[in-house]
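The structure appears below as structure tokens.
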Amino acid sequence: MSAATVLGASAPTGLLQSLSVDDCLRLLASQYLGRVAFLRDGVIEVRPVNYVLDRGSVVFRTDHGSALDAIVGSAVAFEVDQAVPSSHDGWSVVVHGKAEEIWQPEELDHARNLLLRPWAPGERSHYVRILSSAISGRRIT
Amino acid sequence: MTVDRNGLQMLSSRECLAHLSAGETTVGRLGMLAAGRPLILPVNFAVHDAALAFRVGDGTMLHEAVQRADVAFEVDVIDPTWRTGWSVVVHGTAAEVLDPVEIDELRDLLPRSWAAGTKEHFVKVTIARVSGRRIARGAEPAAR
């Protein structure tokens, strides 16, 4: 059984609990795979991305292309969740904010050091930070 | 085999639908517009009658938002150690299921929703467009 199934199955007997911002940040820092929702030409898109939580904000990488153009300078929503099968526990955290490309040299060096994962050869990576305007989360226990 | 600009293998529609139907995961992430802004949240889903179906709680923001809404629905299975897996994105229109027979079928089919205890409704997303990628080692997921 997948963790997700356990998470879902636990819900009817469980309680939904809102998480504090501190808890949300702690949970965000514990993961590295999230999903970002953004608008491209008026159409909603969702993509999985590797990210890190850096100084309280979400940083991820994207290649040069239409997604980057759509994301930078725009409002995005970013979601991370996790189910814990052994404890029948699960949570979801959502960050809303404006996405900005990291371009200042010192900041860019910093971002590169955060996200060391290899990338396809020849690709130009761009780094994006979400300036969060709202952060919310919930846990099922 | 078709590859995208990052060398990721593109999945055919048939492969995408096979992944969605195979029960590898029951959680997807629903993306939609609410008040002109993107919104995203996880939902337990199942494939039913060539559409994606999920539950929503009565009177929730989601219940309001999904009425005839254009949505994106993303499902992935990504191995944390090897960074391999797949991601599929469906675009379509969400609408509440009103047929009692279909509601009964979905009640049996769908895992329980995250929201506990409230009256439930059922929503289906008709698949207008589907795309997917295989994520291989060394080519991590990134927005594109």
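Letters A, B, ... are given to chains in the order of the sequence lines, protein chains preceding strands, and every chain is numbered from 1.
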Nearest atoms (heavy-atom pairs only) where [X] meets [Y]:
X	Y	result
Gly36(B)	Leu39(A)	O-CD1, 4.2 Å
Val46(A)	Gly31(B)	CG2-CA, 3.8 Å
Ala75(A)	Pro38(B)	O-CG, 3.2 Å
Asp70(B)	Ile44(A)	O-CG2, 4.0 Å

[X] side, atom [atom1]; [Y] side, atom [atom2] - distance, nearest 0.5 Å:
X	Y	atom1	atom2	result
Ser92(A)	Arg29(B)	OG	CZ	8.5 Å
Leu39(B)	Glu79(A)	CG	CD	10.5 Å
Asn50(A)	Ile78(B)	CG	CD1	7.5 Å
Ser131(B)	Glu45(A)	OG	CD	7.0 Å
His96(A)	Ile40(B)	NE2	CD1	9.0 Å

If Ile, Leu, Val, Met, Phe, Trp and Tyr residues are connected whenever their side-chain heavy atoms lie under 4.5 Å apart, and connections chain through other members, are [X] and [Y] in the same group?
X	Y	result
Val47(B)	Val123(B)	yes
Val94(A)	Phe38(A)	no
Leu53(A)	Val21(A)	yes
Tyr127(A)	Trp103(A)	no
Leu33(B)	Leu30(B)	no

His91(B) side chain vs Val43(A) backbone, donor-acceptor pair below 3.5 Å:
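It does not hold such a pair.
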Take atom [atom1] of [X] as the centre, draw a 6.0 Å sphere, and report whether it contains more than 12 heavy atoms from other residues, nucleotides or ligands.
X	atom1	answer
Arg55(A)	CZ	yes
Arg26(A)	CZ	yes
Asp41(A)	CG	no

Test side chain to side chain contact (heavy atoms under 4.5 Å, CB included) on Asp76(B) and Arg35(A) and set out the steps.
CA-CA 10 Å; Asp76(B) 59 59; Arg35(A) 286 90 189 169; 2.6 Å; yes
Is it the side chain or the backbone of Val71(B) that comes within 4.5 Å of chain A heavy atoms, both, or neither?
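Backbone only.
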Under a 4.5 Å heavy-atom cut-off, does chain B meet the side chain of Phe78(A), its backbone, both or neither?
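For Phe78(A), the contact with chain B is made by the backbone alone.
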Is there a side-chain contact between Pro48(A) and Glu74(B), using heavy atoms and a 4.5 Å cut-off?
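They are in side-chain contact.
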